[in-house]
Number of protein chains: 2
Amino acid sequence: MRIGELAERAGTSTRTLRYYESRGLLPARRADNGYRTYDEDDLRLLSQIRVLQDFGFELEETRPFVDCLRAGHPAGDSCPASLAVYRRKLAELDGLIGQLADVRDQLGRQLADAERAAGEAAVPKCEMTG
Amino acid sequence: MRIGELAERAGTSTRTLRYYESRGLLPARRADNGYRTYDEDDLRLLSQIRVLQDFGFELEETRPFVDCLRAGHPAGDSCPASLAVYRRKLAELDGLIGQLADVRDQLGRQLADAERAAGEAAVPKCEMTG
DNA sequence: CCTTGCCTTGACGTCGGCGTCAAGGAATAC
DNA sequence: GTATTCCTTGACGCCGACGTCAAGGCAAGG
């Protein structure tokens, strides 16, 4: 199949496929007329890349998974290098989520304090006027 | 004070201050020789910006806080517009944290599955050989 | 006078993952 | 023949918050 069909079947763009090729991630065979040619295996590699991209992996981080599939393994994560990326990514995510949760809590307190201050300014010393 | 001193006292760079000025966020008075001149109030505005930046706010999102301080309010979040940004940011954070938690769980399962598969491949049908 | 250290504006570089446009070749439909 | 649609390479644009370099001005110390 050609680049347009592969892009459509994978739910991405031809530009993206050319970009992956430029990064050496998904090289293509060439037909006599110079057109890029792909097969079903390429679709599997591409699907693996897309899944990981959706997870927030950088392109380079998908490389071990692609290499693993290309080496004939049943899944992209059947290789130690891929598992290592999983673990790094998990640690990274845990750290990030923790940071964001901290920020979230601080912001929540800031908002509560600011709302309280605004309320007191609007109705000052309410209990003294009764 | 001049730009270098303000930058140092705020723990940032002169480039950053010029950038803020170019965005209209922190304009500076000028001395006769053309040098930018700042006062203690500018340091407060800048500190407010930096705190919010550290929280992950975009520069534009800090503008209501700066405007609020400049209007003479005691804090950057003493104005409704600032509170609105707080609330938007909280919602945004909650959404993001939720997404990341989902990804984290999926990744954790992927890793567990892949590790189990690798283990079974290494010691296949262990209970059948006993 | 000369050096040093601050300041000025202007402009290009960074990072990732593409989008988008341009100019032209190739294959298919009619 | 020609209209359409696919394909090719090349190259600039984008986003955000600056970093970094260049060329030159201004002030103070020795």
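As the structure is a computational prediction, the values presented were derived from the model and not from experiment. A, B, ... follow the sequence lines: proteins, then strands. Residue 1 opens every chain.
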Could you work out which one of C:dC6, C:dC18, D:dC7 sits closest to the side chain of A:Thr14?
D:dC7

Could you check how far CD of A:Glu60 sits from C1' of C:dG17, rounded to whole Å?
12 Å

When the aromatic ring centroids of A:Tyr86 and A:Phe55 are compared, is their separation below 6.0 Å?
no

From CZ of B:Arg2 over to P of D:dA28, roughly how many Å is that when rounded to an integer?
9 Å

Counting neighbours of CD on A:Glu115 that are heavy atoms of other residues, nucleotides or ligands and sit closer than 6.0 Å, is the number greater than 12?
yes

Carboxylate-amine/guanidinium contact A:Lys89 A:Glu58, below 4.0 Å
no

Residues A:Glu61 and A:Arg88 bridged, charged N to O under 4.0 Å:
yes

Might you confirm whether atom CD of A:Glu21 has over 12 heavy atoms from other residues, nucleotides or ligands at distances under 6.0 Å?
yes

Among the nucleotides D:dA17, C:dC18, C:dG19, which one has an atom lying closest to any side-chain atom of A:Gln53?
C:dC18

Between atom OH in B:Tyr19 and atom P in C:dT14, what is the gap in whole Å?
18 Å

Between C1' of C:dC18 and CZ of A:Arg23, the distance in whole Å:
11 Å

For A:Arg50 and C:dG17, give me the distance from atom CZ to atom P, rounded to whole Å.
10 Å

Send over the distance from B:Leu52 CG to D:dA17 P, rounded to a whole Å.
12 Å

Round to the nearest Å and state the distance from B:Leu6 atom CG to C:dT8 atom P.
11 Å

Between A:Glu5 and A:Arg2, is a salt bridge (Lys or Arg N to Asp or Glu O under 4.0 Å) present by the stated rule, with each step listed?
CA-CA 6 Å; A:Glu5 185 182 346; A:Arg2 291 176 305 182; over 6 Å; no

Atom pairs under 3.5 Å: protein N/O with N/O of nucleotides 8-15 of chain D:
{"residue": "D:dT8", "atom": "OP1", "partner": "A:Arg36", "partner atom": "N", "Å": "2.8"}
{"residue": "D:dT8", "atom": "OP1", "partner": "A:Arg36", "partner atom": "NH1", "Å": "2.9"}
{"residue": "D:dT8", "atom": "OP2", "partner": "A:Arg18", "partner atom": "NE", "Å": "3.3"}
{"residue": "D:dT8", "atom": "OP2", "partner": "A:Arg18", "partner atom": "NH2", "Å": "2.8"}
{"residue": "D:dT8", "atom": "OP2", "partner": "A:Arg36", "partner atom": "NH1", "Å": "3.4"}
{"residue": "D:dT8", "atom": "O5'", "partner": "A:Arg36", "partner atom": "NH1", "Å": "3.4"}
{"residue": "D:dT9", "atom": "OP1", "partner": "A:Arg30", "partner atom": "NH1", "Å": "3.3"}
{"residue": "D:dT9", "atom": "OP1", "partner": "A:Arg30", "partner atom": "NH2", "Å": "3.1"}
{"residue": "D:dT9", "atom": "OP2", "partner": "A:Arg36", "partner atom": "NH1", "Å": "2.9"}
{"residue": "D:dT9", "atom": "OP2", "partner": "A:Arg36", "partner atom": "NH2", "Å": "2.6"}

Output yes when at least one side-chain N/O atom of A:Thr16 is less than 4.0 Å from OP1 or OP2 of C:dG19, else no.
yes

Less than 4.0 Å between a side-chain N and a carboxylate O, is that true for A:Asp42 and A:Arg36?
no

Using atom CG of B:Asp54 as one end and atom P of D:dA17 as the other, report the distance to the nearest whole Å.
13 Å

Would you say C:dG19 has OP1 or OP2 under 4.0 Å from some side-chain N or O of A:Ser13?
yes

